[in-house]
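Worth saying up front: this structure is predicted, and the values here are computed from it rather than measured. Chain naming here is simple, since letters A, B, ... match the order of the sequence lines and numbering starts at 1 in each.
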Amino acid sequence: MEILNDYGIVLALAGAVLAALIPGMASAKAVSMGGIAGAGVITEDPAQFGKVLILQLLPGTQGIYGLLIAFITLSQIGILGGEGDISFVKGALYFAACLPMIIVGYTSAVRQANASVASIGVVAKKPDQFGKAMIFPAMVETYAILALLISMLAVNGVSGLSI
Amino acid sequence: MALLQMQRINIYALKKDRKQILELLQRKGVVEVRDMLKEDKVFNRSDVSHAKQIMEKNISTVNEALSILNNYVKENSSILSALEGRKELAVEVYDSFKEKYKPAVGTAKRIIELSKIIAENKAEVLRLQTQIEILTPWINLDIPLNFKGTKHTTGYIGILPNSWTLEEIYEKLAQFMPLNVDIISSSKEQTCIFVLCTKDNKNKVYETLRGMEFTLPSLSIDLSPSEQLEQVKKQVEEANNRIKAATDEMISYDKLRDELKFLLDYDTMRLEKYEVIGTLLQSKNVFIISGFIAEKDIKSLEEELTSRFDLAIETKEPRKKDDVPILYKNNGFSEPLEGTVNSFSPPGKGEMDPTMVMSLFYYALFGLMLSDAGYGFIIALACAIGLIKFRKTIEKPMKNTLKMYMFCGIATVFWGIIFSSYFGDIFDVVGKTFFGVTDLPVIPPVWFFPVEKPMLMLTFSMAIGLVHLLTGLAMKGYQLAMQRDYKGIIYDVVLWYILLISGVILLLSMEMVTGILGININIPSNVVTIAGILFALAAVGIILTNGRESKQPFKRILKGLYALYGISGYLSDVLSYSRLLALGLATGVIGSVINQMAAMAAKGALGPIIFTVIVIFGHALNLGINALGAYVHTNRLQYVEFFGKFYEGGGKEFKPFGINTKYYKIKESWKNGNIK
């Protein structure tokens, strides 16, 4: 058990890195889906660029939320600051705290991209309905925000535990 | 917080004045024309589809011409030109355009023709250039490429693949002597040869040559290659000259660009006019315009029309079943958000204009989500500069957009100061890195750092959400009062208010809840008891009344129970405001990350420069992404959580018959208060 405690930091770092990695990958895919749909609209009607760009960027936020969790974690496990002495249990707790963002970030980005692509279709046909079209992808994002919130509170909470 | 009172208007006028009256109405832009009257034996509508077709065709021609012209002569326009708005022109210019109309249409057609000429000639040049490429290796041959031989000889002119020497060719053809082989030109890829043999051997020679993969040149001409080349080059020059002439002519039309733009607008206006004419009821001498007008505009329009024409105007209250268009009336603070309400849906029948109340929350919520004084300052400053610089010409929608972001920016500065966020923590980082300041933070927050007390921030976010939702519920009460549904106010609003507020008090009295939220409130026990009783009473009231549209008692109670279950909806609505915390923290933390990265790179002599570059790029990115997030999620909170409580929309926006042009607008010229 004593030896395991040396590896606490590894678990914590794995959580942080995966939080940046997996939602980032998903957002990259999501934004490219929006970009492909958007490029089609722009060939027909270049004036819609601004609206299409917003819709394309919407599912890009998961990657940023992931980065945020990664950074908060890094800054508390002694890599970018904070205490370096992480026990095995604490490392595992950090890993668990990152999980909501890792998993929900991944799935919600891709699903939000589906909604974004559909909304880009709306803008192509009815540019004046942009306000409504924007809400559909934003609904999906709610769950990424909730995951971000829990991950953020959990990481903060874990740092206060003395185990 | 209001909508303008609309009136039905009918204008009865003489047909001889039709053009002038319609044009005046179009310039005033205060009447929405609707065909609400029925045709009869005397009055009917005329068919204008033919005239409309001509104008639509003209419009598309001019649009095409303008975009072609823009390919040849770029219009110098800056990014800011979108703020400049349309140019204003006097009526006289509009009226005098009739003479220029035909030439302008001609110009547009000529531009399209020229672009075709240029394209055709470019294709011609390409074709000729391939000919030149084919001919060039044959330049030393002084007989035509289609030379077949003389009386006793046969000539073969063609190409062998790869490089051949004379010896190699003679070697292959040795058995067919006498013959003559000339190598016209030779390169790595191909060898151009001329073989002359006796007529008896011609088939065998040809077969041998074929065996060497001999091919005939792809051109067959009567002139010698050099002469032909000369001719082709001349043709290329001619084609190039035609292209240049056409391009020059095209460029010369740059000075007519304004005329083309005006033509586009002129026909756009005429098209709209004809659309209106198509809806008018007309007899032999009289026509009737029917539609809607805002009550405040009636007087001035009436004065203006009756002073100039013989006509009769009749206005009356809209009928119950009329689909009355919506025109907002708001002060400068709320007006920018009319567009946001419109893009949800204009208020439906019996609904109020939510813009004013919404605007208070809109700016505050946007500010909370972006919550950085530096970013807010940049947004507000940029919008203010745009508004001041183009204050004379800026169009209304653009002005409203800028104003909206300016107010959003100001709110962002406010929250940024409360939570002490200035480009993340730029002051701390700069102080620590460059000036060795140890007394951090440099600027302490007015209230607290959300990063340090996230639970307090979460509580605050949800409290704001609760206020927002209760305001929405109050708006519902106001709407019910306007409809004189007083029972509805008590059952659907007051009971819910009691339920929600007593519910919150009960929650706050639980140690578990205050423990999670990290707040310390002591609620006296008798207050808790009263809240408990009120909660139960309100719940019973809701169960008994909220299913009141059903007559059957059992069904009614069930519906009431289901309505009470709606309290879970309030719970999820309030939790939805946690995004205020999440997005606010995201801005601040990413900002700090950027600053920290910049500080890590800020060592050595070049340090401050690298630091500045990283900070500028990083914060520009962060501002862009988080402003987008704040905008989208503010809209969501308004549309879904707030509007969900009272607002359905479904109205129709007021679309007056007016000047919906792209480049110019027409201004009435006034002299001594009268129209000239």
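We find the CG-CG distance between B:Leu581 and A:Leu153 to be 6.5 Å, quoted to the nearest 0.5 Å. Atoms CG and NZ, on A:Asn156 and B:Lys453 in that order, are 13.5 Å from each other to the nearest 0.5 Å. Taking CG from A:Leu57 and CD1 from B:Ile625, the interatomic distance works out to 6.5 Å, rounded to the nearest 0.5 Å. Rounding to the nearest 0.5 angstrom, the gap separating the CG atom in B:Leu583 from the OG1 atom in A:Thr61 is 8.5 Å. The CZ atom of B:Arg579 lies 8.0 Å from the CD atom of A:Glu141; values are rounded to the nearest 0.5 Å. The distance from atom CG of A:Asp128 to atom CD of B:Glu653, rounded to the nearest 0.5 Å, is 9.0 Å.
Other residues, nucleotides and ligands contribute at most 12 non-hydrogen atoms within 6.0 Å of the CD atom of B:Glu648. Other residues, nucleotides and ligands contribute only 12 or fewer heavy atoms inside 6.0 Å of the CZ atom of A:Phe136. Environment of CZ in B:Arg86: crowded, with over 12 heavy atoms of neighbouring residues, nucleotides or ligands closer than 6.0 Å. Within 6.0 Å of the OH atom in A:Tyr106, the count of heavy atoms belonging to other residues, nucleotides or ligands does not exceed 12. The 12-atom threshold is not exceeded at OH of A:Tyr143, counting heavy atoms of other residues, nucleotides or ligands nearer than 6.0 Å. By the neighbour-count criterion of 12 heavy atoms within 6.0 Å, atom CG of A:Asp85 is sparsely surrounded, having that number or fewer from other residues, nucleotides or ligands. Other residues, nucleotides and ligands contribute more than 12 heavy atoms inside 6.0 Å of the NZ atom of A:Lys132.
Counting heavy-atom pairs under 4.5 Å between each of A:Ile135, A:Leu67, A:Leu58, A:Ile72 and chain B puts A:Ile135 at the top. Chain A forms more heavy-atom pairs under 4.5 Å with one residue of B:Ser592, B:Ala582, B:Gly339, B:Ser576 than with any other, namely B:Ala582.
Heavy-atom distances place the backbone of B:Phe344, and not its side chain, under 4.5 Å from chain A. Proximity to chain A is limited to the backbone of B:Val451, based on heavy atoms less than 4.5 angstrom apart. Contact annotation for B:Ile590: both backbone and side-chain heavy atoms come within less than 4.5 Å of a heavy atom of chain A.
Proximity of B:Val589 to A:Met152: side-chain heavy atoms (C-beta onward) are nowhere separated by under 4.5 Å. Counting heavy atoms from C-beta on, the side chains of A:Leu148 and B:Leu585 never come closer than 4.5 Å.
Of all the heavy atoms in A:Gly131 and B:Ser343, the pair that sits closest is CA-OG, 3.8 Å.
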